[in-house]
Q: 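Before I ask anything, let me first share the structure, which is written out below as structure tokens.
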Amino acid sequence: MEENQTQVVREFVLAGFSQTSSIEAGLFVLFLFFYVSTWVGNSLIMVTVASDNNLNSSPMYFLLGNLSFLDLCYSTVTTPKLLADFLDSEKLIPYSQCILQLFFLHFVGAAEMFLLTVMAYDRYVAICRPLHYTTVMSRGLCCMLVSASWMGGFIHSTVQTVLTIRLPFCGPNQVDNFFCDVPPVIKLACTDTFVIELLMVSNSGLISTSSFVVLVSSYTTILVKIRSKEGRRKALSTCASHLMVVTLFFGPCIFIYARPFSTFSVDKMVSVLYNVITPMLNPLIYTLRNKDVKSAMRKLWDRSGLTWKKQVT
């Protein structure tokens, strides 16, 4: 009888943002703009890094290209379903798709956390050990660190997903968010989830908080080791873009995952920030403050324009 009860819920209902069709239509246009901008910006960075020999050979820009790819994946996990739900009053998601969304959300999200930590280490070596930078941050080591970031994300996500699918779901079935995530989903379980919540908070909270501490420590060490004011100014200028990305990404994640799974009215807005807004802003943050990337983009644009003119002629 208990086994039959656990199989009652075959699909979940996503709460979304509003039940008013006019508001949903406006939100559809807004979030479609966010999603297209995310694809255009991050794809442009990936193509620019791949096509420019100077950028492609640099560890920092190699890692930046991988970050852009992760941002594309991260946004794609949730935004297409969100856009479809703006046009669908029911907002249903099958149990299997819900679990898959949850898995890939944590997979890519944790991988991005680890990659941002790797990028902080890259800046530490570049600023504090400039003469050994190219030797230490070799392409082989960069590839290993990127692979380790993906593997760490996979392990973390597997743990979260296994803990979730072991829970019985027999109703209610409304997920209080616009996508399937661990906190709102396990609240629907037909059993006491205190121990599971404790394990998940320890897992997600430990990863996000410890990564953030490592990041802050690395930048603090950089500033402490540089004695001159001019040197610190240059270091801050170099690391400012990374610090902005770290703050935008880690702040909301720590707020959501490093606390007990209680619901706050701002949770949906915070989720929008790190799921939709941050992947869109990352390309702008890096390109607006980076002369090398802007120069490479101009060269790419000039080459594209020249090719187009020749074809027309």
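Residue numbers count from 1 along this sequence. Keep in mind that the numbers below use all heavy atoms, side chains included, and drop hydrogens, waters and symmetry copies.
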Q: Please output the side-chain donor-acceptor pairs of residues 27-41 that fall under 3.5 Å, not counting sequence neighbours, one pair per line with the distance.
A:
unit_1, atom_1, unit_2, atom_2, d
Tyr35, OH, Trp39, NE1, 3.0
Tyr35, OH, Thr76, OG1, 3.0
Ser37, OG, Phe33, O, 2.7
Thr38, OG1, Phe34, O, 2.8

Q: Return yes if some donor-acceptor pair links the side-chain N/O of Thr20 with the main-chain N/O of Ile23 below 3.5 Å, else return no.
A: no

Q: Got a sec, which residues hit side chain to side chain contact (heavy atoms under 4.5 Å, CB included) with Ala126, two or more places apart in sequence or on another chain?
A: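 Only Arg123, Tyr133 meet the side chain to side chain contact (heavy atoms under 4.5 Å, CB included) criterion with Ala126.
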
Q: Are Val213 and Phe255 connected, step by step, through hydrophobic side chains (Ile, Leu, Val, Met, Phe, Trp, Tyr) whose heavy atoms are closer than 4.5 Å?
A: no

Q: Compute both the distance and the angle, then confirm whether Arg139 meets the cation-pi test with Phe62: under 6.0 Å from the six-membered ring centre, within 45 degrees of the axis.
A: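 Pair Arg139/Phe62 counts as cation-pi.
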
Q: Quick check on Phe154: does its CZ atom have over 12 non-hydrogen neighbours (other residues, nucleotides or ligands) under 6.0 Å away?
A: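 Not more than 12 within 6.0 Å, no.
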
Q: Would a line drawn from the ring center of His106 to the ring center of Tyr257 be shorter than 6.0 Å?
A: yes

Q: For residues Tyr121 and Val136, determine if any side-chain heavy atom of one lies less than 4.5 Å from a side-chain heavy atom of the other.
A: yes

Q: Going by the rule side chain to side chain contact (heavy atoms under 4.5 Å, CB included), which residues pair with Ser21 if we only count those two or more places apart in sequence or in a different chain?
A: none

Q: Should side-chain heavy atoms under 4.5 Å link Ile, Leu, Val, Met, Phe, Trp and Tyr, which residues sit in the same cluster as Leu92?
A: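 Via sub-4.5 Å side-chain contacts, Leu92 links to Val13.
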
Q: Mind checking whether Trp150 and Phe107 have ring centres under 6.0 Å apart?
A: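 Yes, ring centres under 6.0 Å apart.
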
Q: Test of understanding: with side chain to side chain contact (heavy atoms under 4.5 Å, CB included), list the residues that count as partners of Val77, not counting sequence neighbours.
A: Gln101, Phe104, Leu105

Q: For Ser57, check side chain to side chain contact (heavy atoms under 4.5 Å, CB included) against everything at least two apart and list the hits.
A: none

Q: Determine whether the aromatic ring centres of residues Tyr274 and Phe250 are separated by less than 6.0 angstrom.
A: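 Centroid separation for Phe250 and Tyr274: 6.0 Å or greater.
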
